[in-house]
Novice: 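I have a structure here, written as structure tokens, and I will follow up with some questions on it.
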Amino acid sequence: MFTELIQKSNIAHNSASERRSILQKSNIAGCSDRWRSKVNPCSVIFLFLNGLAKTPIHDEDSFKLLEEVKESYGHTNAEAEETVTGQLTKRFMDVLASEDDRVYRKSTGEKTKTTAVMQFHEGLK
């Protein structure tokens, strides 16, 4: 799921002619002309780095980044390090490393983003 999302983000960053060529060669489900015309690449990157309510990027018990997501981030960074997506993913991985890969922490009995993760996400808006 996360790898497909980042593939869509990279497609959104390409020029229109490159997009057609990439889409003809790839088999990314749901990546239609309609999707490409309406998608905001920054929104896709934010979803990739933040996760969704029903598809979190972290383990619900430990609040640590899921291994599958960590691998996807590492792959994205290695494959697209020269792109904005790759650079943001690398920065986010560095932020998570400084927090022992924890996205959230317990604070006064409630789940809250770690300070470093919160600052990173605020910087994306």
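Quantities reported herein were computed from a predicted structural model and do not represent experimental measurements.
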Novice: Could you tell me whether a side-chain N or O of T76 sits under 3.5 Å from a main-chain N or O of S72, the two making a donor and an acceptor?
Specialist: yes
Novice: Taking side chain as C-beta onward, heavy atoms only, is I57 less than 4.5 Å from Y73?
Specialist: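 Heavy-atom side-chain distance check passes, below 4.5 Å.
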Novice: List the residues meeting side-chain hydrogen bond (donor to acceptor under 3.5 Å, both in side chains) with N77, not counting sequence neighbours, and say none if there are none.
Specialist: none
Novice: The criterion is side chain to side chain contact (heavy atoms under 4.5 Å, CB included); which residues satisfy it with S107, sequence neighbours excluded?
Specialist: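 Listed in chain order: R105, T112.
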Novice: Indicate yes or no: at least one non-hydrogen side-chain atom of K113 is less than 4.5 angstrom from one of N50.
Specialist: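 The answer is yes, as the side chains (C-beta and beyond) meet within the 4.5 Å cut-off.
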Novice: Output all residues satisfying ring pair (Phe, Tyr, Trp, His ring centres under 6.0 Å) with F63, sequence neighbours left out; order by chain, then residue number.
Specialist: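 None.
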Novice: Report the residues that fulfil side-chain hydrogen bond (donor to acceptor under 3.5 Å, both in side chains) with E60, sequence neighbours left out, ordered by chain and then residue number.
Specialist: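 With neighbours one apart ignored, the set is H58.
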Novice: Tell me, please, which residues at least two apart from K64 pass side chain to side chain contact (heavy atoms under 4.5 Å, CB included).
Specialist: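 In terms of side chain to side chain contact (heavy atoms under 4.5 Å, CB included), with neighbours along the sequence ignored, K64 is linked to S62, D100, R102.
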Novice: Return each pair, listed once, that meets salt bridge (Lys or Arg N to Asp or Glu O under 4.0 Å) where at least one residue sits in residues 72-91; pairs must be two or more places apart or across chains.
Specialist: K90-D94
Novice: Enter the distance from L66:CG to D101:CG here, rounded to the nearest 0.5 Å.
Specialist: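 Rounded to the nearest 0.5 Å, the CG-CG separation comes to 10.5 Å.
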Novice: What pairs with S98 under side chain to side chain contact (heavy atoms under 4.5 Å, CB included), at least two apart in sequence or on another chain?
Specialist: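 Counting only residues at least two positions away or on another chain, S98 forms a side chain to side chain contact (heavy atoms under 4.5 Å, CB included) with A116.
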Novice: Please step through side chain to side chain contact (heavy atoms under 4.5 Å, CB included) for the pair V103 and T114, ending with a clear verdict.
Specialist: CA-CA 6 Å; V103 180; T114 65; over 6 Å; no
Novice: Can you list the residues that meet the side chain to side chain contact (heavy atoms under 4.5 Å, CB included) rule with E110, with sequence neighbours excluded?
Specialist: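 Per chain and number, E110 pairs via side chain to side chain contact (heavy atoms under 4.5 Å, CB included) with no residue.
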Novice: Side chains of L49 and T89: does their closest heavy-atom pair fall under 4.5 Å?
Specialist: yes
Novice: Indicate, with yes or no, if M93 and M118 share a hydrophobic cluster defined by side-chain heavy-atom contacts under 4.5 Å among Ile, Leu, Val, Met, Phe, Trp and Tyr.
Specialist: no
